[in-house]
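Shown next, in structure tokens, is the structure this report addresses.
Proteins come first, then strands; the chains are lettered A, B, ... in the order of their sequence lines, and each starts at number 1.
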2 protein chains.
Amino acid sequence: MDSIGFQQHDHSHCIAEAIAAAEERCKAEKLQFTPARRRVLEILLEQHRAMGAYEILEILAAEGLGSQPPVVYRALDFLVGHGFVHRIERMNAYTACTHPGEDHVPAFLICRLCKAVAEAETVLDGGRLGKAAHETGFVIEKIVVEAEGLCPACAETAA
Amino acid sequence: MDSIGFQQHDHSHCIAEAIAAAEERCKAEKLQFTPARRRVLEILLEQHRAMGAYEILEILAAEGLGSQPPVVYRALDFLVGHGFVHRIERMNAYTACTHPGEDHVPAFLICRLCKAVAEAETVLDGGRLGKAAHETGFVIEKIVVEAEGLCPACAETAA
DNA sequence: ACATCACATGTTATGATATAACGTTCGAGG
DNA sequence: CCTCGAACGTTATATCATAACATGTGATGT
């Protein structure tokens, strides 16, 4: 699987591997990988894009896995909490993590036209931020980086 | 004014200077610094913290400047669009920019306990992100960085 | 076996954030 | 003094998220 996400790749392998990895990790950490949680992760992997919670809920509802908001929010809380899924703050949307298992600082490239999202990685305190925080005594626990711009396809169309 | 925001500082000067600077810039760029827009910026400067739109709206309403959501959202759109105010995505909140006029990549340090927010700056492509984007042809137009953790006061209390 | 406890789920209701749409006002420039 | 665009007032509604409480279910200790 590519690391940046705007290229083609073998998609069914992505899904199968990611699900297997999640399953294994849940087993190892004694987490319950319940049907709803598994299906939400699968949906996000299948679609391979950022999705709103209610959009996911529609699919679950059509499959009889629950029709009320808490169903999907609970699954997402679990998946986000354990790093299987990331929340894209700018979009109120969710996307499957493409670096499962690795401890990383996710960075997102979000196309403002087609809304495609690619996950990259960045370093934790590459510049002034970590230093500035340290100087004032702020303890950083988590960082999210979200970049907006144009994906290759949209940049070409717009040009 | 300090750059990181968790120290004491002369607050009335902050406000007066920031308002004057905004006024001047609007004049220079032929933007309309209307009463509602000015008041929203003032409120954010006075409170010197991240505020929700409806929280700001309550103050506007009490002062007779409008009582419906579009009033505050329009003012915020203008202020955010021209860089006078930043939106904190993680919190659905807004805060006055502490580096007005400078072209910068804002980075926020958000205390998860007391919700205080400090604005720092970071570099545009300190690490792998800019490089990775460039390699795939993604054109970055804007970046936001939001870090969650503990501010000095809360870190001490919790310890 | 069975009590019990933690955790997950089902369901109803509501809270919180944000925008669409449409008519009116007001000031700058022709 | 007309016209045009930007801002504003207002109503309604869309979108995102969680509180609260009842119910089910599986692991564990006895």
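Under the 30°/60° scheme for interplanar angles, the aromatic rings of B:His86 and B:Phe108 are found to stand perpendicular.
Judged by closest nucleotide on DNA chain D, B:Arg74 is the one of B:Asn92 and B:Arg74 placed further toward the 5' end. Nearest-nucleotide assignment on DNA chain D puts the 5′-proximal partner with B:Pro69, out of B:Pro69 and A:Tyr73.
Residue A:Arg90 contributes atom CZ, which lies 15 Å from atom C1' of C:dA18 at whole-angstrom precision. Rounded to an integer number of Å, the gap from CD1 of A:Ile88 to P of D:dA17 is 12 Å. Atom NZ of B:Lys27 and atom C1' of C:dA28 are 16 Å apart (whole Å). In this entry the distance linking CD of B:Glu89 with P of C:dT17 reads 14 Å, nearest Å. Taking atom CD on A:Glu58 and atom C1' on D:dC16, their separation rounds to 14 Å, with Å as the unit. Following rounding to the nearest Å, A:Gln68 (CD) and D:dA20 (P) show an atom-to-atom distance of 18 Å. Rounded to whole angstrom, the span from the CZ atom of B:Arg38 across to the C1' atom of D:dA7 amounts to 16 Å. Between A:Phe33 atom CZ and C:dA8 atom C1' the separation is 15 Å, expressed in whole Å.
Distances shown here put a side-chain N or O of B:Thr34 below 4.0 Å from the OP1 or OP2 atom of D:dC8.
Between A:Leu79 and A:Leu41, the shortest heavy-atom distance links the atoms CD1-N, 3.9 Å. The two residues A:Leu57 and A:Gly66 make their nearest non-hydrogen contact at CD1-O, 3.8 Å. A pairwise comparison of heavy atoms in B:Cys111 and B:Cys151 identifies SG-N, 3.5 Å as the closest pair.
Side-chain proximity of B:Arg87 to the nucleotides C:dT12, D:dA7, C:dA18 is greatest for C:dA18. Closest approach to the B:Tyr54 side chain among C:dT9, C:dA18, D:dC16 is made by C:dA18 (side chain taken as heavy atoms from C-beta onward). Distances from the side chain of A:Ala53 to the nucleotides D:dA17, D:dT11, C:dA18 place D:dA17 closest.
Within 6.0 Å of CD on B:Glu24 lie no more than 12 heavy atoms contributed by other residues, nucleotides or ligands.
Among the atoms of the strands shown, only primed sugar atoms or phosphate atoms (P, OP1, OP2) are found under 4.0 Å from some heavy atom of A:Gln32. Counting any heavy atom pair closer than 4.0 Å across all strands shown, A:Tyr94 reaches sugar-phosphate atoms only and no base atom.
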